[in-house]
Amino acid sequence: MKNLNRILKKEAKAFDDIVDARLKKGFIPDIRISKNYNFFFNNPWRNQFSRKISIDNKINFVLKELKKKDEVLEVGCGLGTLCYEIGRKGINITGIDISKKSIDYCNFHKKKYLKSNDKINFYNNSLSNF
């Protein structure tokens, strides 16, 4: 278990570094905010067209399967893109991620863009500790 915790801490640090780099360049991981991100090379967030056919379609597939009474746990929610859309649909969702910076951003974004939607909760945790 000690070894797993050490590995998870390294992974969390790596994700924190990625989050820092993306946010410093102005990245907003919300499909409702139309913006191109030319700093990405091989990533669907690079432009709105590739995002629509890759990310938006996957989110819409998930949304079609959910009902208002459902409760969802997203493990490894990253910067919260899927959580935002599920919460906007009025479904309770909890997102967890080992990256503290990801979760800090998720809570900031939730407050700023989602009017502190009470259907969405974020926690900095690993699945094994949740």
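For S128 against L8, the heavy-atom pair with the smallest separation is OG-CD1, 4.4 Å. The minimum heavy-atom distance linking C77 with G95 is given by the pair SG-C, 3.7 Å. Scanning all heavy atoms of the two residues, the minimum distance from V19 to S99 falls at CG2-OG, 4.1 Å.
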- Would you please test K110 and N121 for side-chain contact (heavy atoms from CB on, under 4.5 Å) and show each step? CA-CA 9 Å; K110 173 183 157 181; N121 293 292; 4.1 Å; yes
- Task: Please lay out, stage by stage, how L23 and F108 fare under the test side-chain contact (heavy atoms from CB on, under 4.5 Å).
- Result: CA-CA 12 Å; L23 296 179; F108 164 79; over 6 Å; no
- Task: Determine, stepwise, if the pair I93 / Y84 fulfils side-chain contact (heavy atoms from CB on, under 4.5 Å).
- Result: CA-CA 9 Å; I93 182 156; Y84 305 144; over 6 Å; no
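Applying the side-chain contact (heavy atoms from CB on, under 4.5 Å) criterion to D17, with sequence neighbours excluded, gives K13. In this view, F39 and Y37 satisfy the ring-ring contact (aromatic ring centres under 6.0 Å, His included) rule, not counting sequence neighbours. Residues forming a side-chain contact (heavy atoms from CB on, under 4.5 Å) with D20 (at least two apart in sequence, or on another chain): K101. For N3, the side-chain contact (heavy atoms from CB on, under 4.5 Å) partners at least two apart in sequence or on another chain are R6, I7.
Between the T81 side chain and the P29 main chain, a donor and an acceptor come within less than 3.5 Å of each other. Without hydrogens or angle criteria, Y105 side chain to G78 main chain gives no donor-acceptor distance under 3.5 Å. Side chain of D97 to main chain of S102: no donor-acceptor pair is present (N/O by atom type, distance under 3.5 Å, no hydrogens or angles). When atom types are taken as modelled, the side chain of R51 and the backbone of P44 share no donor-acceptor pair closer than 3.5 angstrom.
Note that SG of C83 is 4.5 Å distant from CZ of F122, once rounded to the nearest 0.5 Å. Note: N36 CG to W45 CH2 = 11.5 Å, rounded to the nearest 0.5 Å. Taking CZ of F15 as the reference point, atom CD1 of I103 lies at 12.0 Å (rounded to 0.5 Å). In this structure, OG on S126 lies 7.0 Å from CG on L4, to the nearest 0.5 angstrom. Expressed to the nearest 0.5 Å, how far CG of N125 lies from NZ of K100 amounts to 12.5 Å. Here the CG atom belonging to L79 is positioned 11.0 Å from the CD1 atom belonging to I28, to the nearest 0.5 angstrom.
With hydrophobic clusters built from ILVMFWY side chains whose heavy atoms lie under 4.5 angstrom apart, I33 does not share a cluster with F49.
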Can you give me every donor-acceptor pair (side chain of residues 59-76, partner residue at least two apart or in another chain, under 3.5 Å) with its distance?
unit_1 : atom_1 : unit_2 : atom_2 : d
N60    : ND2    : D56    : O      : 3.2
K68    : NZ     : K89    : O      : 2.8
D70    : OD2    : K67    : N      : 2.8

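Within the structure, every pair that satisfies the side-chain hydrogen bond (donor to acceptor under 3.5 Å, both in side chains) test and touches residues 21-35, not counting sequence neighbours, is listed here: D30-R88, D30-H109, R32-E85.
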